Each structure stands twice: as structure tokens, then as C-alpha cells.
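Can you read through this structure? Questions will come right after.
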Amino acid sequence: LTPQERSQIFRLKAREKAKTDTLFLAREILGYKFFTDQPYLRLKNFYDRPEKKKMLLWPRETGKTTWGICNTVKILLNDPEARIVIVSDTEPIASGILEAVKSHFLSTDMLRFCFPEHCNIDPRYAGTKTEFSLPNKTQITLEPSILAAGRETALTSKHFTHVLFEDLVTEKNTTTKELCDSVVNFYKRFQYFMTKDAVIHINGTRYSPYDLYGWIMKNLSDEFALEIAAIEDPLTGELLCPEWYPKSRIEEKRRNSQRN
């Protein structure tokens, strides 16, 4: 085989695997080498489940948001007509996630090599800080390929096929039960901006027994696939992310928390 033929075979195989294997996409295409099998094979298996509604509750600094970026890229690789909204407590939080997704289509060499039809984007016309569309999106819709929204963002007349709630619950909006209830009510109202069979992924960290995530587990547990993990298993002592969070770091954080 010539080098060109070997390159073409690699590209075809990588295309197919990247569209079905988020861990391969993350590590080999998007360059997130820190996604080791432990614990991210567990995360891959969770997202491979058939349920359209999923809720991931892992501690902070465990790669949840980066995984969400990879998952968003995967959705668009499989369906360029997808209409995705990333929803966070504030629009700037969601915009940061959108910018990371967009940057992969604009400048990640391996992604551009494997999926040129998704990445033929002139940076001068690559959308705004809050939205952008793929060049191979053919349907004319009110919604872009991805839109970033906060709780105050106006979305009248828009309906999304995929809703990705990223850090909708925060330390600041859970200090009282009334604040927690306001986030729950926002989630209830957001149903009007989803298509009937929309995919819903919720990704966050718990801060209060009254928060949105607790409300979902109490009232909608039969609708959602759920993945919950602590940084350290209270029964076995097993660490969730031993490379990022070794025992020494956990103990240091506990000491700092006690001082505060």
C-alpha cells in the first residue's frame, strides 16, 4: 500500500470508531490523553446506554465538562442536523463550553482530517460566542447547530433536539431552598424549548439536598439513567480518579475545608 492508501484506510476506520466510541474520539481525535480507562471507561459505558435522558453527578475537577465537550462533538458527527442547546446557570459558562466545541471543528487537525465535511469553516464566519452552525447542516431552522444559554437567555420560538444541562446547579444558586426551587422551576419551563423526543443530558455536582438533581431523583427517577460517584467510595475507599485525585490531595482538601 502507498502512504496515501494507508492514510485513507486509517481515516475511514477512525471516522467510524469516533462516531461510536466517545473514549476513542476524546483521546485519539480530540487529543484528551488524560482520559484513562479508569474511570472513564465507566463513563463511556454509561453514555452508551440507550436511554435518551441521562444524569451524571460526579465531583468537581473530574473531567465532566470536558467529557461533555467530547460528547457534543460526537452528537454532531453523527447528525449534522442536530439542534443542540448548552444550558448553564449563566450564559458565559455555556459560551465557554460552546467555544471549546467550536475550536475543535476549526483547528483540531485530526478531527479536520477525519471529518473535513464538518470542519470546512471559514473562521471569519464561524458564528458568535453564543452560537454556530456546521457547514454541512442543510436544514434551514431558527436554531443553529449549537446555542449557548443561561437561565436569563431568551429562546422564544426555538426548539432543540438535544439539551445539554452543564453546571445548571451551582454553589451560589443553592444557598437557600428558595433558590433551589427557582432552578427546578426553570428546568420545568425549559420543556417548552425541547422537541417531543429530545435527548437530555444533565451533567453536574450536587450542592444541596434541595437542588434540581435531588428533585429529579425524587420525582423523575423512572425517566433518567443515573450515574453518581464520590471522589472516594465511603465503603471501599476506592478512588474515582486516582491520577487526578490521589489520597494526599483529598486529605489536603479536607484540611482546607475544616480551616474555612
Side-chain angles (χ1 to χ4, degrees), residues 7 10-49 54-80 82 84 86-88 92-119 121 123 126-127 129 132 134 145-146 148 162 164-168 199 201-205 225 227-231 238-246 249-250:
S7 178
F10 170 81
R11 187 176 76 86
L12 292 174
K13 289 183 177 179
R15 278 176 66 94
E16 291 307 308
K17 192 165 186 179
K19 290 165 72 173
T20 59
D21 186 335
T22 312
L23 201 52
F24 174 83
L25 171 65
R27 292 194 294 215
E28 305 304 327
I29 305 298
L30 303 182
Y32 296 111
K33 300 296 186 182
F34 59 80
F35 278 134
T36 54
D37 284 355
Q38 169 63 24
Y40 298 103
L41 188 58
R42 168 178 173 175
L43 208 51
K44 172 192 175 300
N45 293 336
F46 172 67
Y47 275 94
D48 282 347
R49 292 176 58 169
K54 296 182 176 72
M55 183 161 68
L56 169 68
L57 301 179
W58 275 19
R60 295 184 60 198
E61 299 180 56
T62 52
K64 297 189 309 298
T65 300
T66 305
W67 186 271
I69 290 166
C70 300
N71 185 56
T72 305
V73 172
K74 182 183 170 188
I75 291 170
L76 290 171
L77 294 181
N78 281 281
D79 182 10
I84 302 171
I86 301 171
V87 188
S88 301
I93 296 174
S95 295
I97 298 169
L98 181 146
E99 283 291 317
V101 173
K102 181 168 67 174
S103 69
H104 282 302
F105 288 103
L106 288 172
S107 59
T108 298
D109 290 340
M110 187 59 71
L111 184 66
R112 294 173 62 81
F113 169 70
C114 292
F115 296 92
E117 72 279 19
H118 289 69
C119 301
I121 307 170
K129 289 184 177 181
F132 93 102
L134 293 179
S145 294
I146 310 183
H162 295 73
L164 312 180
F165 291 102
E166 290 277 351
D167 290 327
L168 182 59
V199 171
H201 290 171
I202 298 175
N203 184 346
T205 300
E227 163 63 23
I228 304 178
I231 200 66
E238 182 180 359
L239 302 182
L240 178 64
C241 300
E243 292 190 14
W244 291 18
Y245 263 104
R249 186 180 179 194
I250 295 173

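The basis for the numbers below is simple: all heavy atoms, side chains too, and nothing from hydrogens, waters or symmetry mates. Values in this document were obtained by computation on a predicted structure and should not be read as measured data. Numbers for residues simply follow the sequence, beginning at 1.
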Side-chain touch Cys241/Pro39, heavy atoms, less than 4.5 angstrom: yes
Does CZ in Arg11 sit with more than 12 non-hydrogen atoms of other residues, nucleotides or ligands closer than 6.0 Å? yes
When you compare the side chains of Ser95 and Lys129, does any donor N or O come within less than 3.5 Å of an acceptor on the partner? no
Phe115 ring center near His104 ring center (under 6.0 Å): no
Taking side chain as C-beta onward, heavy atoms only, is Ile231 less than 4.5 Å from Glu61? no
Is any side-chain heavy atom of Leu76 less than 4.5 Å from a side-chain heavy atom of Phe105? yes
Result for side-chain contact (heavy atoms from CB on, under 4.5 Å) between Ile86 and one of Ile93, Ile69, Ile146 points to Ile146
Check: Lys102 and Ser145 side chains under 4.5 Å, non-hydrogen atoms: no
Hey, does the side chain of Asp79 reach the backbone of Ile75 with a donor-acceptor pair shorter than 3.5 angstrom? no
Could you walk me through whether Asp37 and Lys44 satisfy the salt bridge (Lys or Arg N to Asp or Glu O under 4.0 Å) test, starting with their C-alpha distance in whole Å, then the side-chain angles of each, then the deciding distance to 0.1 Å, before giving a yes or no? CA-CA 9 Å; Asp37 284 355; Lys44 172 192 175 300; over 6 Å; no
Between Asp48 and Lys54, is there a side-chain N and carboxylate O pair less than 4.0 Å apart? no
Can you find a heavy atom in the side chain of Leu25 that is under 4.5 Å from one in the side chain of Leu77? yes
Considering only heavy atoms from C-beta outward, does the side chain of Phe35 approach that of Thr66 to under 4.5 Å? yes
Any Lys/Arg nitrogen of Lys64 or Glu227 sitting under 4.0 Å from an Asp/Glu carboxylate oxygen of the other? no
Note, Leu30 side chain near Leu111 side chain (heavy atom, < 4.5 Å): yes
Do Trp67 and Leu23 have side chains that approach each other closer than 4.5 Å (heavy atoms only, starting at C-beta)? yes
Anything under 30° is parallel, anything over 60° is perpendicular, the rest tilted; go ahead and classify Tyr40 against Phe34. perpendicular
Does the Thr108 side chain pair with the main chain of Met110, one donor and one acceptor, at a distance under 3.5 Å? no
Does Thr205 reach the main-chain N or O of Trp58 with its side chain, forming a donor-acceptor pair under 3.5 Å? yes
